[in-house]
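Heads up: the structure comes next, in structure tokens.
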Amino acid sequence: MSTINDTHRADPDDAEMRVIPLKHYGRWTAACLIGLIVFACANSMLTNPRFKWDVVWQYIFDPSILQGLYATIWLTIAAMLIGTSLGTVLAIMRISKNPLLSRFASAYAWLFRGSPLLVQLIFWYNLSALYPTIDIGIPFGPTLASLDANQYITIYVAAVLGLGLNEGAYMSEIVRSGLNAVPQGQREAAEALGMTGPRILFRIILPQAMRVIVPPTGNQLIGMLKTTSLVSVIAMQELLYSAQLIYSTNFQTIPLLIVASIWYLVLTTILSFVQYLLERHFGRSDIRSAAKPSQSTEENVNA
């Protein structure tokens with residue numbers, strides 16, 4: 001390094017060299033065009049009286065809207081909890097060496113991913129047409145309890161079942177991809193230390209797979225938030241259905257849809273920030289490994 005530095009200082013042309021920054025004409029042109037488009041859209045939205053922003057601000061905190069917002073939040077959380085738990089179990093079954101478990105998990109994903117979610121919601125809502133009573137007991141044996149399907153499969157139960165069971169099929173593929181991303185050597189090393197299968201899964205495999213699982217899971221959570229609007233077809237009063245009930249009486253369709261969109265954007269922004277924090281938490285090992293080479297390079301240059 002000393003010889004290279006001496007040679008560099010001895011170069012007479014070094015004092016005459018200047019660093020000329022590149023002219024990014026394309027970047028500035030694109031930025032100006034985007035700025036003009038954003039300004040034109042914002043000006044149109046603010047100056048067009050047909051948007052009726054006074055009506056929007058009148059209903060933004062309406063009790064009916066807030067009630068629907070609360071229903072959307074708890075429905076999203078409940079469906080994602082069911083979907084994530086079920087998806088994790090199905091993913092473990094899918095990578096199992098037991099062919100029966102693996103094929104059952106594959107068939108589940110095929111069935112629920114192959115049929116529209118809207119159809120599944122309507123199906124669960126009308127389950128009593130197929131099974132008027134829900135019998136609990138020993139298969140091919142005595143019945144311990146018999147429940148009225150119309151009484152227990154309510155709108156809320158049908159919505160949670162439809163969203164949660166459908167989400168489980170997608171989450172199973174996400175979790176499975178994360179588990180497969182962990183090198184096989186990690187499992188082999190843990191087995192060499194005498195660790196049991198469940199301990200290897202929860203202490204070695206899953207923590208490493210989380211950095212692969214978290215980003216698509218965050219996307220699924222945000223998607224679930226917006227997908228809850230589908231339960232309006234079974235007359236559940238979530239955010240969109242609450243807006244529909246109001247504009248069906250005052251005929252202010254566009255302002256009420258804007259109210260629902262604003263709340264969806266607020267919730268999506270919050271969830272996106274939480275997703276960013278989780279990705280940074282589980283990806284901190286990658287950040288450290290990326291920082292170490294740069295530090296060593298800087299030390300070599302200084303030397």
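All values below were derived from every heavy atom in this structure, side-chain atoms included, with hydrogens, water molecules and symmetry-related copies excluded. The structure presented is a predicted model; accordingly, all values stated were derived computationally and were not measured.
Scored by the side-chain hydrogen bond (donor to acceptor under 3.5 Å, both in side chains) test, Tyr241 finds no partners at all (sequence neighbours excluded). Annotation: side chain to side chain contact (heavy atoms under 4.5 Å, CB included) contacts of Gln208 (sequence neighbours excluded): Val182, Gln186, Ile204. By the ring pair (Phe, Tyr, Trp, His ring centres under 6.0 Å) test, Phe61 pairs with Trp263, sequence neighbours left out. Residues that satisfy the side chain to side chain contact (heavy atoms under 4.5 Å, CB included) test with Asp62, not counting sequence neighbours, are Tyr59, Ser64, Ile65, Ile246. Applying the side chain to side chain contact (heavy atoms under 4.5 Å, CB included) criterion to Ile73, with sequence neighbours excluded, gives Leu69, Ile77, Leu267. In this view, Ile95 and Arg176, Leu179, Asn180 satisfy the side chain to side chain contact (heavy atoms under 4.5 Å, CB included) rule, not counting sequence neighbours.
Counting only heavy atoms from C-beta outward, the side chains of Tyr264 and Leu239 approach each other to under 4.5 Å. Taking the side chain as every heavy atom from C-beta outward, Thr249 and Leu245 never approach each other to under 4.5 Å.
For residues 77-89, no residue pair satisfies the side-chain hydrogen bond (donor to acceptor under 3.5 Å, both in side chains) rule, not counting sequence neighbours. Evaluation of the salt bridge (charged side-chain N to carboxylate O under 4.0 Å, His left out) test over residues 79-100, restricted to residues two or more places apart or in two chains, returns Arg94-Glu173. Among residue pairs with one or both ends in residues 191-207, none qualify as side-chain hydrogen bond (donor to acceptor under 3.5 Å, both in side chains); sequence neighbours excluded.
When Asn219, Thr76, Leu271 are each tested for a side-chain contact (heavy atoms from CB on, under 4.5 Å) with Met224, only one passes: Thr76.
Counting side-chain heavy-atom gaps under 4.5 Å among Ile, Leu, Val, Met, Phe, Trp and Tyr, the cluster of Phe273 also holds Tyr276, Leu277.
Between Ala243 and Ala260, the shortest heavy-atom contact is CB-CB, 4.4 Å.
Using a distance-only test at 3.5 Å, with no hydrogens or angles considered, no donor-acceptor pair links the side chain of Ser229 to the main chain of Leu240.
Cluster membership for Tyr247 and Trp57, using ILVMFWY side-chain heavy atoms within less than 4.5 angstrom, is shared. Taken together through direct or relayed side-chain contacts under 4.5 Å among Ile, Leu, Val, Met, Phe, Trp and Tyr, Tyr170 and Val89 form parts of separate hydrophobic clusters.
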Show which side-chain atoms of residues 30-48 pair as donor or acceptor with protein atoms under 3.5 Å away, not counting sequence neighbours.
residue	atom	partner	partner atom	Å
Thr47	OG1	Asn43	O	2.5
Asn48	OD1	Arg50	N	3.0

If you look only at distance, which donor and acceptor atoms sit under 3.5 Å apart when one is on a side chain in residues 153-168 and the other is two or more places apart or in another chain?
residue	atom	partner	partner atom	Å
Thr154	OG1	Val157	N	3.4
Asn166	ND2	Phe112	O	3.0
Asn166	ND2	Gln120	OE1	3.4
Glu167	OE1	Gln220	NE2	3.3
Glu167	OE2	Gln220	NE2	2.7

